[in-house]
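Input: a single structure, listed below in structure tokens.
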Number of protein chains: 2
Amino acid sequence: MLYLSMELAEAKQKFIEAWGKLGSEWGINRTMAQVHALLLISPEALTTEEIMDTLSISRGNANMTLRDLIGWGLVEKQHRAGERKEYFFADKDTWNVAKQVAKERRKRELDPVIKILDELSNVKGDGQDPEYLTFHKSVTDINKLAKNVDKTLDTMIKAEESWFWGSIVKMFR
Amino acid sequence: MLYLSMELAEAKQKFIEAWGKLGSEWGINRTMAQVHALLLISPEALTTEEIMDTLSISRGNANMTLRDLIGWGLVEKQHRAGERKEYFFADKDTWNVAKQVAKERRKRELDPVIKILDELSNVKGDGQDPEYLTFHKSVTDINKLAKNVDKTLDTMIKAEESWFWGSIVKMFR
DNA sequence: TTAAACTTTCAGTAATTATTGAAAGTTTAA
DNA sequence: TTAAACTTTCAATAATTACTGAAAGTTTAA
């Protein structure tokens with residue numbers, strides 16, 4: 001084997017590991033992040049078997065993980081004329097990936113919390129009671145922050161890539 | 001018991017649960033998020049015993065969780081004249097809390113990944129090889145995005161609260 | 001010093017989360 | 001139809017992560 005391809009193989013391995021670790025630190029199943037990483041660096045769509053073999057995971061795991069990735073809008077199924085097998089392909093556009101992840105996590109995790117915070121902000125109590133006052137202040141403050149984050153993500157999701165790269169810079173002048 | 005205080009007790013419970021759930025979805029230990037939530041809505045500093053009792057957790061768990069929260073810069077130990085007991089108090093300023101969490105996660109998780117991405121961006125390969133080209137493009141794109149996020153967090157961490165609330169709005173004009 | 005009042009540690013265990021693999025299900029082509 | 005080629009499901013199990021509780025450690029006051 002050539003040295004260059006050795007290096008590339010090692011680098012790919014390292015990327016898959018790093019992506020898996022980052023995912024698990026942020027509440028995303030390690031295997032799911034690794035399958036995503038593998039597809040991100042694969043020029044061609046891969047079959048379930050190729051993914052199973054490369055990552056040493058079972059058929060069941062591969063199948064469910066791929067279904068999840070499709071549910072997150074990060075991967076698509078492809079079919080080839082005259083072939084039964086299914087192929088899986090990841091969107092390689094990093095900006096799309098970021099937007100998609102932001103969109104899903106907002107919907108799945110942030111929005112439900114904002115709903116609860118709205119309810120809790122409306123709980124009435126004795127304006128003299130420090131227990132009530134502290135509760136109320138923390139809840140309303142967190143609610144405001146969460147809504148700001150929500151609005152920011154919403155704008156980001158709708159925005160074009162060029163906006164993002166330009167706007168970050170402007171933001172800090 | 002009065003109806004109003006019943007409502008408050010329920011609301012507190014709900015807040016602690018919601019915060020714990022959000023934490024665990026984002027890779028933060030559920031108990032740690034719950035202890036933090038409890039301290040956030042407590043006007044006075046609490047003892048280990050009070051926390052143990054309120055959340056039904058063991059002494060060992062409470063002790064280690066509080067140590068972690070202190071390590072995250074979210075909670076401080078307090079002492080009272082003539083008392084052996086230690087009291088724990090959470091910073092109630094939501095903006096500080098957000099900055100602190102951003103700061104720690106950036107240091108613990110984002111920076112190490114950027115280091116790896118820098119290495120992987122420098123892996124050389126055959127410019128004709130689609131395997132190499134796809135790997136290289138994904139890695140460098142993700143690296144750029146990660147560095148942008150890093151820079152944004154850095155600015156946010158150094159910024160004042162007023163900047164945040166004002167700037168978000170300006171950002172979207 | 002002693003001992004009471006407290007905090008810390010960590011081996012053992014419980015709870016949670018992820019994975020396997022084989023059986024059931026589906027599709028296609030002959 | 002049949003059966004080969006494939007995908008999906010899910011109960012059982014493994015791996016990981018979190019928690020307990022009792023013993024060891026520390027501090028303070030008498």
Side-chain angles (χ1 to χ4, degrees), chain A residues 16-17 19-39 45-72 74-89 105 108-109, chain B residues 16-39 45-72 75-89 105 108-109:
Chain A
I16 289 167
E17 273 167 30
W19 211 234
K21 183 149 179 282
L22 188 67
S24 69
E25 285 166 343
W26 287 82
I28 285 158
N29 175 306
R30 210 183 93 257
T31 301
M32 182 167 144
Q34 288 185 335
V35 171
H36 185 227
L38 173 60
L39 290 173
L46 302 180
T47 63
T48 301
E49 298 246 325
E50 287 169 319
I51 293 165
M52 286 165 58
D53 292 350
T54 308
L55 301 178
S56 303
I57 62 174
S58 71
R59 186 172 297 283
N61 196 7
N63 184 273
M64 291 178 98
T65 296
L66 286 164
R67 184 211 277 158
D68 282 353
L69 282 168
I70 292 168
W72 277 74
L74 298 172
V75 165
E76 63 171 25
K77 258 187 203 177
Q78 288 182 350
H79 291 276
R80 290 180 188 183
E83 275 198 71
R84 289 282 312 272
K85 235 189 272 287
E86 293 176 337
Y87 288 80
F88 297 92
F89 184 80
R105 298 206 80 159
R108 296 172 193 214
E109 295 145 15
Chain B
I16 290 167
E17 273 168 29
W19 211 234
K21 182 148 182 279
L22 188 67
S24 69
E25 284 166 345
W26 287 82
I28 286 158
N29 175 306
R30 210 184 90 258
T31 301
M32 182 166 144
Q34 288 186 336
V35 171
H36 185 227
L38 173 60
L39 291 173
L46 301 180
T47 63
T48 302
E49 298 247 325
E50 287 169 320
I51 293 165
M52 286 166 58
D53 292 350
T54 308
L55 301 178
S56 304
I57 62 175
S58 71
R59 187 171 296 283
N61 195 8
N63 184 272
M64 293 179 98
T65 296
L66 286 164
R67 184 211 276 158
D68 282 353
L69 282 169
I70 291 168
W72 277 73
V75 166
E76 62 171 26
K77 259 187 203 178
Q78 288 183 350
H79 291 277
R80 291 181 186 182
E83 276 198 69
R84 291 278 316 272
K85 235 188 271 289
E86 292 176 337
Y87 288 80
F88 297 92
F89 185 80
R105 298 207 80 159
R108 296 171 192 215
E109 294 144 18

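Residue numbers start from 1 in every chain, and the chains themselves are labelled A, B, ... in the order their sequence lines are given, proteins ahead of strands. Just so it is clear, the values below take in all heavy atoms, side chains as well, and ignore hydrogens, waters and symmetry mates.
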*Please identify each residue that fulfils salt bridge (Lys or Arg N to Asp or Glu O under 4.0 Å) with A/E86, with sequence neighbours left out.*
A/K77

*asked:* My understanding is that only residues two or more places apart in sequence, or in another chain, count here; which of them pass salt bridge (Lys or Arg N to Asp or Glu O under 4.0 Å) with A/R30?
replied: none

Evaluate the side-chain proximity of [Y] to [X]: yes if any heavy-atom separation is below 4.5 Å, no if none is.
X     : Y      : answer
B/Q34 : B/T54  : no
B/D68 : B/N29  : no
A/W72 : A/R108 : yes
A/M32 : A/V75  : no
B/N63 : B/T48  : no
B/L39 : B/I51  : yes
A/M52 : A/R59  : yes

*By nearest nucleotide on DNA chain D, pick out whichever of A/T48 and B/T65 is the more 5' one.*
A/T48

Which whole-number value in Å describes the distance from [X] [atom1] to [N] [atom2]?
X     : N      : atom1 : atom2 : result
A/N63 : C/dA18 : CG    : C1'   : 15 Å
A/K85 : D/dT8  : NZ    : C1'   : 16 Å
B/D68 : D/dT17 : CG    : P     : 15 Å
B/I70 : C/dT8  : CD1   : C1'   : 13 Å
A/K77 : D/dC6  : NZ    : C1'   : 11 Å
A/I51 : D/dT7  : CD1   : C1'   : 13 Å
B/M52 : D/dA18 : CE    : P     : 20 Å
B/H79 : C/dA5  : NE2   : P     : 19 Å

*Using the ring of each side chain (for Trp, its six-membered ring), is B/W26 parallel, tilted or perpendicular to A/W26, with breaks at 30° and 60°?*
perpendicular

*Could you write out DNA chain D as a dot-bracket string, with dots for unpaired bases, | for bases paired across to another strand, and Watson-Crick or G-U pairs counted at under 3.5 Å?*
||||||||||||||||||||||||||||||

*asked:* I need the residues from residues 21-35 of chain A with at least one non-hydrogen atom less than 4.0 Å from DNA chain D; give them sorted by number, or say none.
replied: none

*Would A/K21 and A/E25 pass as an ion pair if we require N to O under 4.0 Å?*
yes

Distances for protein N or O near nucleotides 20-24 of chain C N or O, under 3.5 Å:
unit_1 : atom_1 : unit_2 : atom_2 : d
C/dT20 : OP2    : A/S58  : N      : 2.6
C/dT20 : OP2    : A/S58  : OG     : 2.9
C/dT20 : OP2    : A/N61  : ND2    : 3.3

Listed pairs, N/O of protein and of nucleotides 26-30 of chain D, under 3.5 Å:
unit_1 : atom_1 : unit_2 : atom_2 : d
D/dT27 : O2     : B/R84  : NH1    : 3.1
D/dT27 : O2     : B/R84  : NH2    : 3.2

What's the separation between atom [atom1] in [X] and atom [atom2] in [Y], rounded to the nearest 0.5 Å?
X     : Y     : atom1 : atom2 : answer
A/L74 : A/L69 : CG    : CG    : 6.0 Å
A/H79 : A/R84 : NE2   : CZ    : 10.5 Å
A/I57 : A/T31 : CD1   : OG1   : 6.0 Å

